[in-house]
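Working notes, structure below.
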Amino acid sequence: MKGPHRPPRLSVPLRRLLLLLLPLGLVLVTWQASQVAREQALQTLVREAENELRLSAAGLEGHLTRHDYLPQLLASREMIKRFLSGHGEQNPMPLNRLLDQFRAIADVSDVYLLDRHGTTLAASNWHMENTFIGHNYSFRSYYTDAIEGGRGRFFGLGTQSLERGYYFSAPVWLDETTPDARPDGVMVIKILLDEVEESWAEQDAELLVTDHDNIIFMASRPELRMAALSPLTEAERQNLLAARRYADEPLSPSGIDVYEQRPDGSRLVRFDTGPLAEESYLGLSRHLEAYDWDMHILKPLGSVYQAQWLAAALAGGLYGVVVLAGGIGWQRWRLRRERELFAERERRTLAQARDELERNVELRTHDLMETNRLLSDEIEERRRAEENLRQTRDELIQAAKLAVLGQLAAGINHELNQPLAAIRAYAENARTFLERQRLEAADANLAQVVELTERMAEISAQLRQFSRKSSSSLTAVSVQACFQYALRLYQNRLHDVEVVRDWGDEVWVHADLVRLEQVLVNLIGNALQAMAETPEPTLILSVEVEDERVFIGVSDSGPGIPEAHLARIFEPFFTTKSPGSGLGLGLSISARIIRDLGGNIDASNVPGAGARFTITLPRMEKPDDAQPSPIQEQQSHA
């Protein structure tokens with residue numbers, strides 16, 4: 001029979017073409033994604049730069065214009081006019097002090113007065129070594145503009161202080177009535193620019209201000225100040241030196257290189273030298289019309305590069321996922337096709353073997369069915385045996401509890417007989433009082449009857465509680481409360497026994513309340529029985545905590561346990577009592593209960609003090625909803 005065809009496979013040329021196209025596709029996808037991310041990041045950066053540039057320009061203009069009025073205000077003061085009219089005969093010190101006061105109040109750098117020839121007559125820095133007094137500033141444009149009757153503005157380096165500043169000037173008139181009148185002096189104030197530049201240093205960008213000669217006279221980086229944005233020609237350099245706007249500064253080139261001009265007016269720049277040479281920047285400019293300045297902002301391109309790398313990585317990862325998914329899909333299709341072909345071959349093979357297998361199965365089916373029936377019967381029998389064993393164990397535990405109740409019967413009978421006799425007497429008295437119409441006395445006798453019935457109900461409730469069955473659920477159980485319950489059951493046998501309670505604060509263990517009470521009742525009953533012939537019986541109940549374990553001890557002052565019996569004390573039906581006094585199951589059942597609770601129980605002899613049984617159980621924290629246990633009596637005898 002002709003077999004099925006093999007699944008299709010890619011030819012060798014096609015596989016080689018795929019091996020070539022896959023890397024090319026990865027390069028194309030990552031490059032395209034990085035370009036799109038770059039453009040988006042640049043647009044975001046341009047918007048941020050425009051906002052920051054607009055705010056910075058507004059801050060610079062506000063800083064400068066807030067002092068525009070001051071020269072005109074000072075020029076109109078009468079004291080300054082009087083000093084100009086007779087300055088050769090007056091003491092300049094009062095005027096110097098007045099100008100110094102104006103400087104401090106207006107928060108400017110310097111205030112000074114020039115005569116009509118440009119010589120300084122009074123200045124706020126009269127007391128300094130680099131005072132302006134006596135120096136001629138007729139070469140400054142702020143003087144020439146003001147002496148012509150206008151208001152002057154100028155920026156540059158001071159000839160004395162060499163500090164960059166912006167100057168405002170206004171003419172001082174002594175006579176404005178004649179047509180050919182000229183100013184008699186010039187009032188000048190100087191403002192420093194450091195305060196504005198300090199605020200720029202806090203931005204995540206570099207800010208520059210250039211004049212019409214492209215000289216950087218303000219910058220957030222001190223290293224860029226007094227540098228030419230683009231290289232100067234020799235003629236331009238000589239003109240600047242002649243004007244002494246920037247004193248003798250070399251005005252070296254800043255080293256800026258524009259390597260990309262963008263359609264939105266921004267540009268990408270880098271610096272060949274200087275402090276900004278390690279990064280590339282996005283540059284934007286804004287013209288300040290009032291001052292004929294240009295303000296530039298340079299934003300680092302680190303975020304753009306990061307966006308490019310992230311987009312390229314994501315695109316590459318997505319491309320890899322798509323290619324991997326395609327490869328997995330192709331491989332799954334081939335595997336499915338191979339499975340189909342293999343299944344077809346198996347069907348043909350199985351069709352040949354099926355008849356022979358059916359014959360063999362028919363021969364062996366009878367034996368298997370018989371074996372299966374026997375196995376099922378054995379399983380059912382074992383299940384019933386386990387159920388009977390579990391039921392027998394529970395009945396033995398309950399029987400042990402009832403045996404303890406039998407031992408308590410005599411004492412309980414005595415406890416009930418006394419209230420019954422008293423109830424009968426009180427009832428007969430009440431009948432007599434009723435016949436005699438002594439209702440108050442009858443009511444008092446009936447109240448005594450009610451109190452005695454409540455006492456009998458309490459005794460009955462204790463027995464009923466002890467005889468109840470366990471719920472088999474483990475919870476937080478108070479050890480002291482279990483001890484207190486066990487002692488209440490034996491209260492009629494504790495009159496001549498000294499009970500020592502050796503514990504501190506209340507301790508909680510992980511156990512079942514009913515089963516733990518049963519164990520403690522059994523241990524206390526055994527201790528009381530062992531001390532029956534002891535002259536001064538003493539029962540010691542102790543609780544000790546060590547890390548996450550709790551040790552519960554029951555000790556007596558009896559004769560102790562013979563050493564030969566210690567190894568067999570917890571064996572079922574082993575007892576040292578006389579015939580008819582017990583079945584020998586109490587300690588065996590107690591040991592089984594403690595093991596089921598996840599603990600351990602040990603028996604030992606205390607030298608000169610009798611026997612001691614120690615229960616070890618896991619410790620638990622006090623539950624939030626736990627009710628406070630009854631306060632135990634602090635007396636040496638029960």
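Judged purely by atom type and a 3.5 angstrom limit, S169 has no side-chain atom pairing as donor or acceptor with the backbone of A146. Within the 3.5 Å criterion, the main-chain N or O of L26 finds a donor-acceptor partner in the side chain of T30. Proximity of a side-chain donor or acceptor of T131 to a complementary backbone N or O of M128 within less than 3.5 Å is not detected.
You'll find the side chain of L99 reaches within 4.5 Å of the side chain of M187, heavy atoms only. Side-chain contact between H510 and L617: absent, with no pair of heavy atoms (C-beta onward) separated by less than 4.5 Å. Considering only heavy atoms from C-beta on, D115 stays 4.5 Å or farther from V186 through its side chain. With contacts defined as side-chain heavy-atom distances shorter than 4.5 Å, the pair D107/I191 does not qualify. With contacts defined as side-chain heavy-atom distances shorter than 4.5 Å, the pair L121/F83 qualifies.
Counted by atom type alone, H296 and T210 present one or more donor-acceptor pairs between their side chains at under 3.5 Å. Judged purely by distance below 3.5 Å, without hydrogens or angles, the side chains of Q203 and S56 pair a donor atom with an acceptor atom.
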Could you please spell out the steps behind the salt bridge (Lys or Arg N to Asp or Glu O under 4.0 Å) verdict for E197 and R164? CA-CA 12 Å; E197 290 174 324; R164 294 170 301 123; 2.6 Å; yes
Would you sort out whether N136 and T119 count as a side chain to side chain donor-acceptor pair (under 3.5 Å), showing the intermediate values? CA-CA 4 Å; N136 188 280; T119 302; 3.0 Å; yes
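The residue from R267, R270, R38 that alone fulfils the salt bridge (Lys or Arg N to Asp or Glu O under 4.0 Å) condition with E260 is R38.
Ion pair E50/R47 not flagged as a salt bridge, since none of the NZ, NE, NH1 or NH2 atoms sits closer than 4.0 Å to an Asp/Glu carboxylate oxygen. Taking the charged nitrogens against the carboxylate oxygens, R103 and D100 do have a contact shorter than 4.0 Å, which makes a salt bridge. Ion pairing between R549 and D547 fails under the 4.0 Å rule for side-chain N and carboxylate O. A salt bridge links D68 with R153: the distance from a Lys NZ or Arg NE/NH1/NH2 to an Asp or Glu carboxylate oxygen falls below 4.0 Å. Here R221 pairs with E206 in a salt bridge; the nearest charged N to carboxylate O distance falls below 4.0 Å.
Heavy-atom contacts from other residues, nucleotides or ligands closer than 6.0 Å to CD of E39 number more than 12. By the neighbour-count criterion of 12 heavy atoms within 6.0 Å, atom CD of Q331 is densely surrounded, having more than that number from other residues, nucleotides or ligands.
Separation of the W126 and F132 ring centroids does not fall under the 6.0 Å cut-off. Taking the six-membered ring for Trp, Y137 and Y143 have ring centres at least 6.0 Å apart.
The ring-ring contact (aromatic ring centres under 6.0 Å, His included) test applied to Y166 returns F168, Y291, W293, not counting sequence neighbours.
Screening residues 289-302 for salt bridge (charged side-chain N to carboxylate O under 4.0 Å, His left out), with sequence neighbours left out, gives E52-K299.
Using cut-offs of 30° and 60° for the angle between ring planes, the Y142 and Y167 rings count as parallel.
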